[in-house]
Amino acid sequence: MKSDQRLRRLVCLTGFMGSGKSTAARQLASHLGWTNVDLDRRITEAAGQSIPEIFAKKGEAEFRRIEHEQLARLVAEAGEDQKPRIVSLGGGTVAQPQNLALLRESGAVLIWLDCPIEELLVRCAQITDRPLFRDEASFRRLFEERLPFYQMADYRIDSSLPPARLVGQILSLGIFGKVTV
Ligand code: S3P
């Protein structure tokens with residue numbers, strides 16, 4: 001019973017860059033009256049630098065260290081105050097084994113926003129603040145490398161849907177109504 005409750009108090013959205021995690025998490029949290037946490041935002045606040053700056057000045061390894069630290073912090077906070085949270089993870093968060101282990105131990109629910117690569121390419125080509133979007137070939141390669149990690153999520157949602165329908169699909173998974181706040 002206890003782990004069942006914990007399971008539904010921390011719901012994390014995962015998926016590749018451009019899959020709509022931040023928007024969906026914000027809308028879901030507002031709909032449910034839950035707290036919204038954006039892991040990328042936590043990282044930039046902790047570092048006092050933007051994500052492209054962290055990658056350029058400190059490198060990806062340091063970015064991953066801060067990412068893990070911030071994830072551990074937010075999992076601990078969720079355990080302490082028991083408030084339900086919707087978290088948008090970064091596109092690479094679950095590809096780090098220590099992060100996946102932490103999420104599993106915490107009883108978090110993982111929802112994969114799955115979007116076709118062609119659609120992701122269109123979306124990400126218009127945004128220039130993603131250090132791991134260098135060119136189409138490496139983007140496609142990274143997508144393939146990440147798929148096995150996303151496939152470990154508890155639920156998969158087609159995120160090529162318009163945002164309102166996407167949120168509707170997540171709500172209809174039936175994992176929110178059972179929360180005891
Ligand atoms: C990353 C995705 C980004 C951000 C960082 C690294 C990745 O998050 O965490 O640039 O490794 O795929 P979004 O998926 O929110 O763009």
Side-chain angles (χ1 to χ4, degrees), residues 10-30 35-75 85-103 108-163 166-167 170:
L10 190 58
V11 173
C12 299
L13 305 187
T14 184
F16 205 60
M17 291 173 253
S19 58
K21 302 178 292 289
S22 302
T23 308
R26 215 170 30 244
Q27 292 181 356
L28 270 171
S30 134
T35 301
N36 173 216
V37 185
D38 185 309
L39 184 59
D40 281 345
R41 195 175 329 128
R42 295 272 301 240
I43 294 168
T44 58
E45 284 167 6
Q49 287 177 314
S50 69
I51 290 178
E53 277 171 344
I54 304 170
F55 270 77
K57 294 185 181 153
K58 298 175 175 163
E60 181 169 353
E62 176 62 4
F63 172 82
R64 296 297 170 202
R65 191 195 63 73
I66 306 171
E67 180 181 50
H68 179 68
E69 190 176 84
Q70 289 305 313
L71 183 66
R73 205 162 280 188
L74 90 80
V75 164
R85 285 168 168 79
I86 305 276
V87 180
S88 50
L89 300 172
T93 310
V94 298
Q96 307 296 313
Q98 70 274 29
N99 293 339
L100 196 55
L102 186 63
L103 290 166
V109 176
L110 268 176
I111 301 175
W112 170 28
L113 303 194
D114 183 18
C115 189
I117 180 82
E118 304 305 331
E119 171 68 19
L120 293 171
L121 271 164
V122 172
R123 292 183 190 176
C124 290
Q126 294 155 3
I127 305 163
T128 53
D129 66 350
R130 288 191 169 96
L132 291 182
F133 184 24
R134 300 188 184 105
D135 54 69
E136 185 177 329
S138 64
F139 192 80
R140 285 180 185 277
R141 243 188 343 264
L142 190 60
F143 178 79
E144 291 300 325
E145 281 169 28
R146 295 270 175 82
L147 279 178
F149 297 99
Y150 300 142
Q151 284 161 352
M152 287 186 224
D154 303 294
Y155 300 96
R156 187 192 77 88
I157 296 287
D158 175 2
S159 81
S160 60
L161 294 169
L166 167 60
V167 167
I170 298 176

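In this chain, numbering begins with 1 at the start of the sequence shown. Side chains are part of it too, since the values below use all heavy atoms of this structure and drop only hydrogens, waters and symmetry mates. Whatever order the structure lists ligands and atoms in, that order sets their numbers, starting from 1.
Every atom of ligand 1 with a heavy atom of Arg146 under 4.0 Å away is listed here by number and element: 7 (C), 11 (O), 12 (O). Short contacts between ligand 1 and Gly90, defined as distances under 4.0 Å to a heavy atom of the residue, involve ligand atoms 8 (O), 9 (O), 14 (O). For ligand 1, the atoms closer than 4.0 angstrom to any heavy atom of Lys21 are 13 (P), 14 (O), 15 (O). The distance from ligand 1 to the heavy atoms of Asp40 drops below 4.0 Å at these ligand atoms: 3 (C), 4 (C), 8 (O), 9 (O), 13 (P), 15 (O). Below 4.0 Å from some heavy atom of Leu132 lie the following atoms of ligand 1, by number and element: 7 (C), 11 (O). Remark: ligand 1 atoms within the under-4.0 Å shell around heavy atoms of Arg130 are 16 (O).
Contacts with ligand 1 closer than 4.0 Å are made by no heavy atom of Arg41, backbone or side chain. Residue contacts with ligand 1, taken as heavy atom pairs separated by less than 4.0 Å, do not involve Ser19 at all.
Under the 4.5 Å side-chain criterion, counting only non-hydrogen atoms from C-beta, Cys12 is in contact with Leu10. Looking only at side-chain heavy atoms (C-beta outward), Val94 and Leu103 come within less than 4.5 Å of each other. At least one side-chain heavy atom of Leu39 sits under 4.5 Å from a side-chain heavy atom of Thr93.
Legend: residues meeting salt bridge (charged side-chain N to carboxylate O under 4.0 Å, His left out) with Asp154, ordered by chain and number and at least two apart, are Arg104.
The protein non-hydrogen atom at the shortest distance from atom 5 (C) of ligand 1 is Phe63 CZ, 3.7 Å. Among protein heavy atoms, the minimum distance from atom 2 (C) of ligand 1 is reached at Gly91 N, 3.4 Å. Ranking protein heavy atoms by distance to atom 7 (C) of ligand 1, first place goes to Gly92 N, 3.3 Å.
To the nearest 0.5 angstrom, Phe63 atom CZ is 8.0 Å from Leu132 atom CG.
Considering backbone and side-chain N/O of Ile51, none are found under 3.5 Å from N/O of ligand 1.
By the 4.0 Å heavy-atom criterion, Arg64 is counted among the residues contacting ligand 1.
In this structure, the side chain of Asp114 does not engage the main chain of Asp158 through any donor-acceptor pair within 3.5 Å.
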The test is salt bridge (Lys or Arg N to Asp or Glu O under 4.0 Å); show your working for Glu144 and Arg140 and say whether it passes. CA-CA 6 Å; Glu144 291 300 325; Arg140 285 180 185 277; over 6 Å; no
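Among pairs with a residue in residues 40-53, those fulfilling salt bridge (Lys or Arg N to Asp or Glu O under 4.0 Å) read Arg42-Glu77, at least two apart in sequence or across chains.
Between Phe16 and Tyr150, the ring-plane angle classifies as perpendicular under the 30° and 60° cut-offs.
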